[in-house]
Amino acid sequence: MSTAVSAAGDADEGETMPDVLRVWRDGEVAVLEIDNPPVNATSQAVRRALLDAVQRAQSEPETLSILICGAGRTFTAGGDITEFGKPPREPHLPDLINRIEESGKPVVVAWHGTALGGGCEIGLGAHKRIIAKDGFVGLPEVKLGLLPGAGGTQRLPRLVGPVAALDLIATGRMVGAEEALRLGLVDAIARKDLRAEAIELARGLIGQMQPRLSLRSTPAAEPEAWQAMVAKVNREARGRIAPQRAIELVSQSLTLPFSLGQPNERRAFFELMNSEQSRGLRHLFLAEREAGKRPELASVTPRDLHQIGIIGAGTMGSGIAVAFLDAGYKVMLVEADDAALQAGLERVNGLYLRAIRSGRIDENTRLNRLSNLAPTTEMSRLAGCDLVIEAIFEDMGAKIELMKKLANLVPASMLVATNTSYLDLEPMADALPAPERFLGLHFFSPAHVMKLLEIVRARRTSLQALSTALAIGRKLKKIAVISGVCEGFIGNRILAKFRAQCEFMLEEGALPREIDAAMEAFGLAMGPFAVQDLAGLDIAWARRKRLAATRDPADRDVPLVDRLCEQGRFGQKAGKGWYLYENGHRVPDPAVEAMVRAHAAATGRPQRSFSAQEIQNRVVAAMVNEGAKILGEGIAARPADIDLVLVNGYGFPNWRGGPMHYADALGLKQVLAVAQNTEARDGRGFEVAPLLAELVSSQRNFSTLNGG
């Protein structure tokens, strides 16, 4: 017999609590099934219902063992994020888990789908754990700038050892069933029927006294292994405080009893909850969930796509092909001739071979995915596709000619997209009949790895085309952000202003290594000049030459990239660029620094030294100011969309929440002051965005615009 249980007993007056737990018995085993769709979050209602059910089972003479499981597609994906930052409501999760652990009747937890955060911690409080063969478990709180707050940092080391525990807690990674069993995180893997096997496991424990995990001693770690893990966590933290607090808390499990370690963990959890880093990461989490929600698309049904045509099998085209193959699409890859096509196929296969070497896929997966790839040099075969994406080189003339060819080869109803990263979509759309089916799908390199996808909405792009593009993003597991049409769209437009300010500072007394060091200290993985070397300076040089004819002579322009490229200094691939590259190491080049100094002196601008803070403030002000212009022009719908683009496509430190969120935290008045000062110094190189000045004047910030 099954009964739905609510948490109404804890409801505020006039508040109706939902039914979130189903309870029934299978013989002597009480089954408590969490049913709180869509992801069984451990909300206050769930905590109350579980606590009441566990306590009731303790008092029932006919109940001799307890099973906790989940309905739907997952056990529980963790806490209810809407409760974060609010006063905690009883029963608190640690109290619930302590009550489960203290049960005089054996408690088994059955994990399926994902058991994350609080879902994992509930399992750590149980006496035995069983997982579905395709289940995953983990403690991902660090990804929100937090740590487990319900005993996870203290129980997990006691179960799997401190080294493995620190790895899981500090990275937030999920582990599959086999690895969980190998680590000792679970006691069994259900090979067929999880529910039935979990009930049998619970029945087999009847009458046996179950040891509490919190009373165990944490096994000692091999000193070398522990120090290596600590060094790895510190190295990869790169400014994030939560992973470093994880080291501290897991270390305490080696020396402190659980009764002292758990309160320390709880205090750390709330300290982190109130930190700017956690606010930034939670902002991005919510922004990602909202990015694809546009009111005008609410009732629009996306097209059903099966076969994707990709024109161009270079670095971008081959990466895009792998992204679609990985998502289960059939892909037709088109190149101009056999040699180019063969080179493209080798790139695609090389990406899969690399994935095999890294353990991400096996040989059967590679063969299955490649079986959906149809290479050809005959563009006419694209007529059978549902969507065609051009990924040829960045030349407007070539792209327009390609669109004219497609106009005569594919149906006027077929969706057509360009992967351009800078160019105006309107001339390309003009070359096609039915331009409403045309849009931009700007992938980031490497396209099969990078999470960001800019969906560029041209003036005539239909709502159905836009809705279909967002559906593609979801299926490809990308973060899809809609942008309007402008030079560089959202990301590259801001990047251009960021780089320009860095180059302007070179004319005012800074050196490339000083700017790179300041921005790496800010949280970027690489500074802007090191990144240019990695990408290849010839790319920036080609764009500069393309724009030279239309550049306003009065605009401030720094020709140092031209001079480097004229000397064959194309970056890492040439062994020299802004830096020298010796035995795989980047080192400053005195010749380049002398060239920078000479150019700076020749400009006649006053020379000065820059502190790291000055460099960071100026770069951030340039990014935020351009973001404000983008918002004012309607290119981006929300400041949070800009944050998603800069974090996921350009390496802005995620724990700062993106440039617009960071500006709010810093204070827009301070950002405006830096922008105004920069404008006064740069002349034509900078123009303060009216929206930024307006927000400061009205004492508002960017977060007030996020509902737009």
Side-chain angles (χ1 to χ4, degrees), residues 38-39 81-82 282-305 323 327 386-387 389 413 415-421 424-426 429 434-444 450-486 488-494 626-649 657-661 664 691 700-708:
V39 295
I81 196 169
T82 64
R282 287 172 0 230
H283 162 74
L284 289 173
F285 177 83
L286 294 172
E288 187 175 333
R289 291 168 63 176
E290 294 297 315
K293 296 179 182 178
R294 301 290 285 264
E296 68 270 31
L297 300 176
S299 60
V300 180
T301 302
R303 293 192 190 187
D304 193 16
L305 306 181
D386 303 302
L387 162 69
I389 304 171
S413 59
L415 290 178
V416 179
T418 173
N419 181 55
T420 183
S421 54
D424 187 355
L425 268 64
E426 301 303 338
E436 66 274 8
R437 42 75 180 259
F438 181 73
L439 75 166
L441 291 176
H442 178 211
F443 289 82
F444 288 71
M450 291 290 283
K451 291 180 66 177
L452 181 64
L453 174 65
E454 273 185 321
I455 297 173
V456 188
R457 182 180 192 174
R459 179 170 50 85
R460 291 160 287 186
T461 301
S462 71
L463 292 180
Q464 188 187 52
L466 208 58
S467 178
T468 303
L470 286 168
I472 289 169
R474 287 191 293 272
K475 191 164 182 183
L476 267 57
K477 298 180 181 178
K478 303 286 188 188
I479 297 170
V481 175
I482 296 174
S483 169
V485 175
C486 62
F489 316 129
I490 295 172
N492 280 334
R493 175 170 163 178
I494 292 176
E626 198 63 24
K629 291 180 184 178
I630 285 170
L631 289 167
E633 296 166 17
I635 299 299
R638 294 171 284 230
D641 288 349
I642 296 173
D643 289 333
L644 287 173
V645 169
L646 269 295
V647 166
N648 292 286
M660 314 310 279
H661 175 87
D664 282 350
L691 178 60
R700 296 160 61 210
N701 57 31
F702 287 113
S703 68
T704 65
L705 307 175
N706 262 333

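Below, each value reflects all heavy atoms present in this structure, side chains not excepted, and no hydrogens, waters or symmetry copies. We're numbering straight along the sequence, starting at 1.
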Q: Verify side chain to side chain contact (heavy atoms under 4.5 Å, CB included) between Ile642 and Ile494, making sure each step is shown before the conclusion.
A: CA-CA 9 Å; Ile642 296 173; Ile494 292 176; 3.6 Å; yes
Using every non-hydrogen atom in the two residues, find where [X] and [Y] come nearest and quote the distance to one decimal.
X      : Y      : result
Ser467 : Val300 : OG-O, 3.4 Å
Phe438 : Ala429 : CD2-CB, 3.7 Å
Ser483 : Phe489 : OG-CB, 3.6 Å
Arg638 : Ala291 : NH2-O, 3.0 Å
Asn492 : His442 : ND2-CE1, 3.7 Å

Q | Intermediate values then yes/no, side chain to side chain contact (heavy atoms under 4.5 Å, CB included), Arg303 and Leu415 | A | CA-CA 9 Å; Arg303 293 192 190 187; Leu415 290 178; 3.8 Å; yes
Q. Going by atom types only, do His283 and Asp643 share a side-chain donor-acceptor pair under 3.5 Å?
A.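 Note: His283 and Asp643 side chains meet the donor-acceptor criterion.
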Q. Can you find a heavy atom in the side chain of Leu441 that is under 4.5 Å from one in the side chain of Thr418?
A.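 No, every pair of side-chain atoms sits at 4.5 Å or beyond.
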Q. Are Leu691 and Leu705 close enough that some pair of their side-chain heavy atoms sits under 4.5 Å apart?
A.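 A side-chain contact exists here, since the closest heavy-atom pair is under 4.5 Å.
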Q: Provide the full list of salt bridge (charged side-chain N to carboxylate O under 4.0 Å, His left out) pairs with a residue in residues 454-467, sequence neighbours left out, each pair given once.
A: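 Output for this query lists Glu296-Arg457, Glu426-Arg460, Asp430-Arg460.
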Q: Identify, with sequence neighbours excluded, every residue that meets side chain to side chain contact (heavy atoms under 4.5 Å, CB included) alongside Asp386.
A: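 Asp386 satisfies side chain to side chain contact (heavy atoms under 4.5 Å, CB included) with Leu305, His306, Gln307 only.
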Q: For Ala287, check side chain to side chain contact (heavy atoms under 4.5 Å, CB included) against everything at least two apart and list the hits.
A: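 By the side chain to side chain contact (heavy atoms under 4.5 Å, CB included) rule, Ala287 matches Ala640, Leu644.
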Considering only distance and modelled atom types, tabulate donor-acceptor pairs under 3.5 Å from the side chains of residues 475-482, sequence neighbours left out.
unit_1	atom_1	unit_2	atom_2	d
Lys478	NZ	Ala447	O	2.5
Lys478	NZ	Met450	O	2.6

Q.
Please enumerate all residues that pass side-chain hydrogen bond (donor to acceptor under 3.5 Å, both in side chains) together with His661, with sequence neighbours excluded.
A.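 Partners of His661 under the side-chain hydrogen bond (donor to acceptor under 3.5 Å, both in side chains) test: none.
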Please tabulate, one pair per line, all N/O donor-acceptor pairs under 3.5 Å involving side-chain atoms of residues 626-635, not counting sequence neighbours.
unit_1	atom_1	unit_2	atom_2	d
Glu626	OE2	Arg493	NE	2.7
Glu626	OE2	Arg493	NH2	3.2
Lys629	NZ	Glu687	O	3.0
Glu633	OE1	Arg493	NH1	2.8
Glu633	OE1	Arg493	NH2	3.3
Glu633	OE2	Arg493	NH2	2.9

Q. How long is the gap from CG on Leu463 to OG1 on Thr301, to the nearest 0.5 Å?
A.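 Rounded to the nearest 0.5 Å, the CG-OG1 separation comes to 11.5 Å.
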